[in-house]
**Student:** 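One structure coming up, written as structure tokens, with questions to follow.
Note that the coordinates shown come from a computational prediction; the quantities given were computed from them, not determined experimentally. Every chain is numbered from 1, with letters handed out A, B, ... down the list of sequences.
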Amino acid sequence: MSVRVRFAPSPTGALHIGGVRTALYNYLFAKKNHGIFILRIEDTDQARYVPGAEEYILDALRWCGIEPTEGQGYGGKLGPYRQSERKAVYREAALQLVESGKAYYAFDTEEELDRMRARLADAGVAAPKYDASVRMEMRNSLSLDPLEVTDLLRAGTPHVVRLRVDPGKQVVYRDLIREEVRFDTTELDDKVLIKADGMPTYHLANVVDDHHMDISHVIRGEEWLSSTAHHLLLYEAFEWSPPRYAHLPLIMRPDGKGKLSKRDGARFGIPVFPLSWKGDTAEESFTGFREFGFEPEAVLNFLAFLGWNPGTDQELFSLDELVEAFDLGRVHRSGARFDMDKALWFNHQYIKQRPVQEIVSKLKPLVEARGWLWDERKCLEIVPLFTERVNLVSEIPDAAGYLFSELRTMDEEAVRKHWKPELGPVISELVKILEAVEPFEAQALEQAAKAGFQSLNVKPGQILPILRLALAGGLQGPGVFQMLQILGKQGLSRIRTFVARD
RNA sequence: GGCCCGUUCGUAUAGAGGCCUAGGACGCCUCCCUUUCACGGAGGAAACACGGGUUCGAAUCCCGUACGGGCUACCA
């Protein structure tokens, strides 16, 4: 059997990172099995439709490097791949079900539905729902006189189409991740298939499309597990054979209290979306992984390990390696918390391995945004010194600011600790020695300085911290002579200025 | 509340009845390297939710309890 999987997001806003992981797992499964990865846009909720969301989804997948081989924006024979353009297909499918008695028209208004639920709740029913026990008391084509139904329909009375769920039956299926899952149809309601606006609900559209698009495996989040029973019932009603299902564990908030939501980004100071999203308000705008400074490969690697592992000690995987190692059977069943520290660690590993030139290119806009002069040659020297010291490229401007521009801050406490006025003349002498060094490079500078320490009869440990403070304003950073090489003679001026201060 | 799914160090996880004195990773702590930070190296603290079974033997199988999560819309 050929493998065809789909990622089917709703364009209701930015694509959530959990959605990206679902897309990733679908992608990995497809590639691993030489199958097709399809993108379908599930825009059946007109009220929640957000302009630009579809484009965002495409952009996000492209940035991550997990592009579909078929679907919206990628072409294919089984389209259209946007559900709003497939209304006729759903309408026809629903009609077919009504005709075969598997579905029915329902004319109940919102108020009538509320009243029914309230009545049931008052009667002590634990889970009030539109099902076999109440449907004959409601206004639908099963309870009403056929002539009246015809009249209502002809008069254009607002109505929905509901699936007729027969109680007392078991729905059992074997989930690729969770093994056997079973439901009793008595617990299930008569799900709406076609809404009053003529649009299909997720359930109908999903099943109809998965069938028509020849989907072999449905890999989706755990939030869909409960409705799988209805989906299976739909396949049965259509007399179609269902795909295999795999329900992924959810990505949870860092504190474990519920699934990660867009609001958690601000709450925990973490990215929740791959790319930044500009909403109507500040509250509806979000910073993405990309804008945080994450590498897409690191994000994918991190995401892959949220709920899955290869069973070996290897943690760093390229996308190709993930494809090779991926196995749905090794996906976990329980939710996985978002761990920012681990995400940063992954990014650090990637930054360290990246070609310097690539990091430099990413750094350029960040440096320019600060109004600092861009010096590519200098940057090429700076970057390798900092990829070991930061987790994100975006941290480099702050970490290396004193190399890009003037010294702005001074750790006065450290100065008090290391600076002694009597060292002034010694350092001045040392500066003279360094001034003459040719070429003005770290290694030569270090040699000259070491010799200077001896002839001036001082210990390196006394002088070097001071030089560091003079150059960087703090006690951290790359080697003193590496910094000096980058700063050039200007670095010596910093030292002179420092000695002369008071 | 009901239904469904889950539960190994703080976190993500290894573990498919004896290999477990429960392993490695991130984070944390100590030490080494070093002019500092980082990198690297060496150590350390840290977990099988609980209670019953089954078995010669259970983190692994079964049942119950507790806890957590998902769903419970004419949203996906």
**Student:** Does any N or O donor sit under 3.5 Å from an N or O acceptor when you compare the side chain of A/Arg333 with the base of B/rC5?
**Tutor:**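 Checked by distance alone, the answer is no.
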**Student:** Shortest non-hydrogen contact from A/Leu248 to A/Ile177?
**Tutor:**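 Of all heavy-atom pairs spanning A/Leu248 and A/Ile177, the closest is CD1-CD1, 3.4 Å.
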**Student:** Does OP1 or OP2 of B/rA76 have a side-chain N or O of A/Lys195 closer than 4.0 Å?
**Tutor:**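 True: A/Lys195 side-chain N/O within range (under 4.0 Å) of B/rA76 OP1/OP2.
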**Student:** When all nucleic acid strands are considered with a 4.0 Å heavy-atom cut-off, which category describes A/Leu475: base, sugar-phosphate, or nothing?
**Tutor:**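 The residue A/Leu475 makes base contact.
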**Student:** Please state the P separation for the pair B/rA38 and B/rC33 - nearest whole angstrom.
**Tutor:**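 My reading of the P atoms in B/rA38 and B/rC33 gives 15 Å.
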**Student:** Any base atoms under 4.0 Å from A/Arg330, or only sugar-phosphate, or nothing? Heavy atoms, all strands.
**Tutor:**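 Sugar-phosphate, backbone atoms only, no base.
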**Student:** For the pair A/Asp45 and A/Arg48, find out whether any cationic side-chain nitrogen is under 4.0 Å from an anionic carboxylate oxygen.
**Tutor:**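 Between A/Arg48 and A/Asp45 there is a salt bridge, with a charged N closer than 4.0 Å to a carboxylate O.
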**Student:** Would the base of B/rU35 count as contacting A/Arg468 through its side chain, where contact means a donor and an acceptor less than 3.5 Å apart?
**Tutor:**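 Yes.
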**Student:** Does A/Ile177 or A/Lys191 map to a spot on RNA chain B nearer the 5' end, using the closest nucleotide for each?
**Tutor:**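 Result of the comparison: A/Ile177.
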**Student:** Can you tell me, in whole Å, how much space there is between the P of B/rC19 and that of B/rA58?
**Tutor:**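 Nearest-Å result for B/rC19 against B/rA58 at atom P: 11 Å.
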**Student:** Any salt bridge between A/Arg337 and A/Asp339, counting N to O under 4.0 Å?
**Tutor:**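 So A/Arg337 does not pair with A/Asp339 through a salt bridge.
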**Student:** Please confirm whether A/Arg21 makes a cation-pi placement over A/Tyr25, using NZ or CZ under 6.0 Å from the six-membered ring centre and within 45° of the ring normal.
**Tutor:**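 Checked: cation-pi criterion met.
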**Student:** Quick one: label A/Gly477 by what it contacts on the DNA or RNA (base, sugar-phosphate, nothing), any heavy atom closer than 4.0 Å.
**Tutor:**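 Base contact - A/Gly477 has a heavy atom under 4.0 Å of at least one base atom.
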**Student:** Would you please confirm or rule out a distance under 4.0 Å between OP1 or OP2 of B/rC5 and any side-chain N or O of A/Arg182?
**Tutor:**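 No.
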**Student:** Checking all strands, does A/Ser334 fall into the base, sugar-phosphate, or nothing category for heavy-atom contacts under 4.0 angstrom?
**Tutor:**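 Sugar-phosphate, backbone atoms only, no base.
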**Student:** Verify the contact: side-chain N or O of A/His332 to OP1 or OP2 of B/rU7, cut-off strictly under 4.0 Å; return yes or no.
**Tutor:**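 For B/rU7, neither OP1 nor OP2 has a side-chain N or O of A/His332 closer than 4.0 Å.
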**Student:** Assuming nearest nucleotide by heavy-atom distance, tell me which of A/Thr312 and A/Gln349 is located more 5' along RNA chain B.
**Tutor:**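 Comparing both residues, the 5'-ward one is A/Thr312.
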**Student:** Compute the ring centroids of A/Tyr245 and A/Trp224, then answer whether they are less than 6.0 Å apart.
**Tutor:**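 No: the rings miss the under 6.0 Å criterion.
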**Student:** Given the C1' atoms of B/rA66 and B/rC50, what is the spacing between them in whole Å?
**Tutor:**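 Comparing C1' positions in B/rA66 and B/rC50 gives a spacing of 7 Å.
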**Student:** Check the phosphate of B/rC71 against A/Lys259, side-chain N and O only, distance under 4.0 Å to OP1 or OP2. Yes or no?
**Tutor:**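 For B/rC71, OP1 or OP2 has a side-chain N or O of A/Lys259 closer than 4.0 Å.
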**Student:** For the pair A/Lys262 and A/Asp264, find out whether any cationic side-chain nitrogen is under 4.0 Å from an anionic carboxylate oxygen.
**Tutor:**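 The answer is no: the pair does not qualify as a salt bridge.
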**Student:** Base, sugar-phosphate, or nothing for A/Phe183, non-hydrogen atoms under 4.0 angstrom?
**Tutor:**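 Sugar-phosphate: the residue A/Phe183, judged by heavy atoms under 4.0 Å, touches backbone atoms but no base.
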**Student:** Touch check for A/Pro9, heavy atoms < 4.0 angstrom, all strands: base, sugar-phosphate only, or nothing?
**Tutor:**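 Contact class for A/Pro9: none.
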**Student:** Hey, is the side chain of A/Lys257 poking within less than 4.0 Å of OP1 or OP2 on B/rC67, counting only N and O atoms?
**Tutor:**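 False: A/Lys257 side-chain N/O out of range (4.0 Å or more) of B/rC67 OP1/OP2.
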**Student:** For the pair made of CG in A/Asp255 and C1' in B/rG68, what is the distance, rounded to whole Å?
**Tutor:**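 After rounding, the reported distance stands at 12 Å.
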**Student:** Nearest whole Å is fine: how far is B/rC71 P from A/Glu222 CD?
**Tutor:**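 To the nearest whole Å, that distance equals 9 Å.
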**Student:** Any donor-acceptor pair, under 3.5 Å, between the side chain of A/Arg389 and the base of B/rC37, if you only look at N and O atoms?
**Tutor:**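 Such a pair exists between side chain and base.
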**Student:** Quick one: label A/Gly479 by what it contacts on the DNA or RNA (base, sugar-phosphate, nothing), any heavy atom closer than 4.0 Å.
**Tutor:**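 A/Gly479: base contact, heavy atoms under 4.0 Å.
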**Student:** When you measure from the side-chain N and O atoms of A/Thr44 to the phosphate of B/rA76, is any distance below 4.0 Å, counting only OP1 and OP2?
**Tutor:**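 The answer is yes; a side-chain N or O of A/Thr44 sits under 4.0 Å from OP1 or OP2.
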**Student:** For the C1' atoms, the ones on B/rU60 and on B/rG2, what distance do you get once it is rounded to whole angstrom?
**Tutor:**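 Looking at atom C1' only, B/rU60 and B/rG2 are 32 Å apart.
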**Student:** Report which part of the nucleic acid A/Val181 touches: base, sugar-phosphate, or nothing (heavy-atom distance under 4.0 Å, all strands).
**Tutor:**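 Sugar-phosphate, backbone atoms only, no base.
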**Student:** For A/Gly221, answer base if it contacts any base atom (sugar-phosphate contacts may also be present), sugar-phosphate if it contacts only those atoms, and nothing otherwise; contact means non-hydrogen atoms under 4.0 Å.
**Tutor:**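 The answer is nothing, as A/Gly221 stays clear of every strand by at least 4.0 Å.
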**Student:** Describe the nucleic acid contact of A/Leu188 in one word from base, sugar-phosphate, nothing, applying a heavy-atom distance below 4.0 Å.
**Tutor:**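 If one applies the 4.0 Å heavy-atom cut-off, A/Leu188 turns out to touch nothing in the nucleic acid.
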**Student:** Rounded to whole angstrom, note down the C1' distance from B/rA25 over to B/rC9.
**Tutor:**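 My reading of the C1' atoms in B/rA25 and B/rC9 gives 12 Å.
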**Student:** Check this for me: does any side-chain nitrogen of one of A/Arg82 and A/Glu54 sit under 4.0 Å from a carboxylate oxygen of the other?
**Tutor:**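 Looking at A/Arg82 and A/Glu54, the cut-off is met.
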**Student:** When the C1' atoms of B/rA73 and B/rU54 are compared, how many Å lie between them, rounded to an integer?
**Tutor:**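 Taking atom C1' in both B/rU54 and B/rA73, they lie 46 Å apart.
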**Student:** From C-beta outward on A/Val192, which listed nucleotide comes closest to its side chain: B/rC26, B/rC74, B/rU35?
**Tutor:**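 Nearest listed nucleotide: B/rC74.
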**Student:** Starting from P on B/rC5, measure out to CE on A/Met252 and report it in whole angstrom.
**Tutor:**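 Nearest whole value for this atom pair: 17 Å.
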**Student:** B/rG40 P sits how many Å from A/Glu388 CD, rounded?
**Tutor:**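 Going from A/Glu388 (CD) to B/rG40 (P), I get 7 Å.
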**Student:** For a quick test of reading the model: is some side-chain N or O of A/Arg178 closer than 4.0 Å to OP1 or OP2 of B/rG69?
**Tutor:**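 The answer is no; no side-chain N or O of A/Arg178 sits under 4.0 Å from OP1 or OP2.
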**Student:** Suppose you measure atom C1' in B/rU65 against the same atom in B/rG6; what distance do you get, rounded to whole Å?
**Tutor:**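 Result for the C1' pair: 15 Å, nearest Å.
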**Student:** How close or far is atom C1' of B/rA76 from atom NZ of A/Lys262, stated in whole angstroms?
**Tutor:**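 These atoms are roughly 13 Å apart.
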**Student:** Could you check which of B/rA12, B/rA14, B/rG24 has an atom nearest any side-chain atom of A/Ala336?
**Tutor:**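 Selected nucleotide (nearest to the side chain): B/rA12.
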**Student:** For nucleotides B/rU13 and B/rU7, find the distance between their C1' atoms and express it as a whole number of Å.
**Tutor:**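 Each nucleotide's C1' atom is 14 Å from the other's.
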**Student:** Look at A/Arg333 together with A/Glu179 and state whether they make a salt bridge at an N to O cut-off of under 4.0 Å.
**Tutor:**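 So A/Arg333 does not pair with A/Glu179 through a salt bridge.
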**Student:** Once you apply a heavy-atom cut-off of 4.0 Å, does A/Arg117 come out as touching a base, just sugar-phosphate, or nothing?
**Tutor:**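 Sugar-phosphate contact only.
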**Student:** Using a heavy-atom cut-off of 4.0 Å across all strands, would you classify A/Glu42 as base, sugar-phosphate, or nothing?
**Tutor:**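 Sugar-phosphate contact only - A/Glu42 comes under 4.0 Å of backbone atoms but never of a base.
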**Student:** Which part of the nucleic acid, if any, lies within reach of A/Phe305 when heavy atoms closer than 4.0 Å are counted: base, sugar-phosphate only, or nothing?
**Tutor:**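 The answer is sugar-phosphate, as A/Phe305 gets under 4.0 Å only of primed atoms, P, OP1 or OP2.
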**Student:** Compare side-chain N and O positions of A/Lys342 against OP1 and OP2 of B/rU13 and report whether any pair is under 4.0 Å apart.
**Tutor:**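 For A/Lys342, the contact criterion (side-chain N or O under 4.0 Å from OP1 or OP2 of B/rU13) is not met.
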**Student:** How many Å lie between CH2 on A/Trp345 and P on B/rC39, as a whole number?
**Tutor:**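 The answer, rounded to whole Å, is 12 Å.
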**Student:** Do A/His203 and A/Tyr90 have ring centroids that are under 6.0 Å from one another?
**Tutor:**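 For A/Tyr90 and A/His203, the ring centres are not under 6.0 Å apart.
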